[in-house]
Undergrad: 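One structure follows; several queries about it will come next.
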Amino acid sequence: MASALLIIDVQQALCCGDDAAYDIELVIDRINTMSAKARAVGAPVILIQHEDDGSLQLGTDGWQLDARLQVSETDLRIRKTACDSFHHTDLQEVLTSRGVDRLMVCGLQSEFCVDTTVRVALARGYPVTLVSDGHSTVDNGVLSAARISTHHNTTLAHLGSFGPRVTAIPAAEVCLNG
């Protein structure tokens, strides 16, 4: 099986200041661990960046990838305008052209772009490894960010109606063969 790593929305506006995702420094460290593992076996690393008319406006400081994120010139980049990383992007074509049939997902925010992208990936036939400690969000006034992320690890891992499944495991336990 050929895997690809999707790193979703690890952008300055979501990683710095008052709107920084919970535990973001450790989350980025874990994402960097995952990207190093992926690059070591030749798996594509795909950096996905959200854009909108607010703090993630294309080209602004907030839209830029967080400086702590380790990137390589070989990484691929996808721009998106919806929670679904496949919606009106060339992500499907990128994956197909590289023979990818399994995804690893991490990034921001757990209940929005991570959740939606994982569900759409399942619907498109991709088994997904959700890096359980490699995604985060912010408190929402009802639940803490930590609870939201934990909830999504459990919920997504229990989805069975698509056929392919989600395996939620910590970055340190993810094994890659390419």
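Atom set for the values below is all heavy atoms of this structure, side chains included, hydrogens, waters and symmetry mates excluded. Bear in mind that the values here come from a model prediction, so they are computed numbers and not experimental data.
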Undergrad: With the side chain counted from C-beta on, respond yes when T96 and R98 share a heavy-atom pair under 4.5 Å apart, and no when they do not.
TA: no
Undergrad: Spell out, as yes or no, whether a donor-acceptor pair under 3.5 Å connects the side chain of T117 to the backbone of S85.
TA: yes
Undergrad: C106 and G134: which non-hydrogen atoms are nearest, and at how many Å?
TA: CB-O, 3.0 Å
Undergrad: Indicate yes or no for a side-chain donor-acceptor contact from T154 to the backbone of T150 under 3.5 Å, with no hydrogens or angles considered.
TA: yes
Undergrad: Roughly how far, to the nearest 0.5 Å, is CD1 of I148 from OG of S136?
TA: 9.0 Å
Undergrad: Taking the side chain as every heavy atom from C-beta outward, state whether D19 and S55 have any pair of such atoms under 4.5 Å apart.
TA: no
Undergrad: Checking one residue: V100. Which other hydrophobic residues are in its cluster under the side-chain 4.5 Å linking rule?
TA: L6, I8, I46, I48, L76, I78, F86, L91, V94, L95, L103, V105, V114, V118, V120, L122, Y126, V128, L130, L156, L159, F162, V166
Undergrad: If we check side-chain hydrogen bond (donor to acceptor under 3.5 Å, both in side chains) with T155, which of these qualifies: H158, H151, H152?
TA: H151
Undergrad: Can you tell me how far the CD atom of Q12 sits from the CG atom of L65, to the nearest 0.5 Å?
TA: 8.5 Å
Undergrad: M104 and side-chain contact (heavy atoms from CB on, under 4.5 Å): which single residue from I7, L5, I169 fits?
TA: L5
Undergrad: Take D75 and R77 through the test side-chain contact (heavy atoms from CB on, under 4.5 Å) and record every step on the way to the result.
TA: CA-CA 7 Å; D75 295 344; R77 293 185 183 232; 5.7 Å; no
Undergrad: Which atom names give the shortest non-hydrogen contact between C15 and D66, and what distance separates them?
TA: CB-OD1, 3.1 Å
Undergrad: Treat each ILVMFWY residue as a node, draw an edge where side-chain heavy atoms are under 4.5 Å apart, and state whether V41 and V174 are in one component.
TA: yes
Undergrad: Report the distance from atom OG of S3 to atom CG of L176, rounding to the nearest 0.5 Å.
TA: 6.0 Å
Undergrad: Considering non-hydrogen atoms only, spot the tightest contact between P127 and G125 and give its length.
TA: CD-O, 3.4 Å
Undergrad: Could you tell me whether a side-chain N or O of D115 sits under 3.5 Å from a main-chain N or O of S110, the two making a donor and an acceptor?
TA: no
Undergrad: Atom OG1 in T33, atom NZ in K37: separation rounded to 0.5 Å?
TA: 7.0 Å
Undergrad: Tell me if the CZ atom of R147 is crowded by more than 12 foreign heavy atoms within 6.0 Å.
TA: no
Undergrad: Looking at D133, is its backbone amide N or carbonyl O close enough to the side chain of R30 to form a donor-acceptor pair, meaning the two atoms are under 3.5 Å apart?
TA: yes
Undergrad: Indicate the atoms forming the closest heavy-atom contact of H135 with S149, along with that distance.
TA: CE1-O, 3.5 Å
Undergrad: Measure from the side-chain N and O atoms of Q11 to the backbone N and O of W63, and report whether any donor-acceptor pair falls under 3.5 Å.
TA: yes
Undergrad: On a heavy-atom basis, which atom in S132 and which in N153 lie closest, and how many Å separate them?
TA: O-ND2, 3.1 Å
Undergrad: For the side chain of D23 and the backbone of V27, is there at least one donor-acceptor N/O pair under 3.5 Å apart?
TA: no
Undergrad: Should V71 and I28 be counted in the same cluster of Ile, Leu, Val, Met, Phe, Trp and Tyr side chains packed under 4.5 Å apart?
TA: yes
Undergrad: Between the main-chain N or O of S35 and the side-chain N or O of Q70, is there a donor-acceptor pair closer than 3.5 Å?
TA: no
Undergrad: Is a donor from one side chain sitting under 3.5 angstrom from an acceptor on the other, for T81 and E51?
TA: no
Undergrad: Which distance, rounded to the nearest 0.5 Å, do you find between the CD of Q92 and the NE2 of H87?
TA: 14.5 Å
Undergrad: Verify side-chain contact (heavy atoms from CB on, under 4.5 Å) between L108 and I24, making sure each step is shown before the conclusion.
TA: CA-CA 10 Å; L108 304 173; I24 193 61; 4.1 Å; yes
Undergrad: Under 6.0 Å from the CD atom of Q64, do we count more than 12 heavy atoms belonging to anything else shown?
TA: yes
Undergrad: Starting at CD of E111, measure out to SG of C83 and round the result to the nearest 0.5 Å.
TA: 9.0 Å
Undergrad: For the backbone of L143 and the side chain of N140, can you confirm whether one donor and one acceptor N or O come within less than 3.5 Å of each other?
TA: yes
Undergrad: Looking only at atom types and distance, does a side-chain atom of D139 sit under 3.5 Å from a main-chain N or O of G141, one as donor and one as acceptor?
TA: no
Undergrad: Please give me the minimum heavy-atom distance between K80 and C113, naming the atom from each residue.
TA: NZ-SG, 3.1 Å
Undergrad: Kindly say whether E25 contributes a backbone atom to a donor-acceptor pair with the side chain of R68 at under 3.5 angstrom?
TA: no
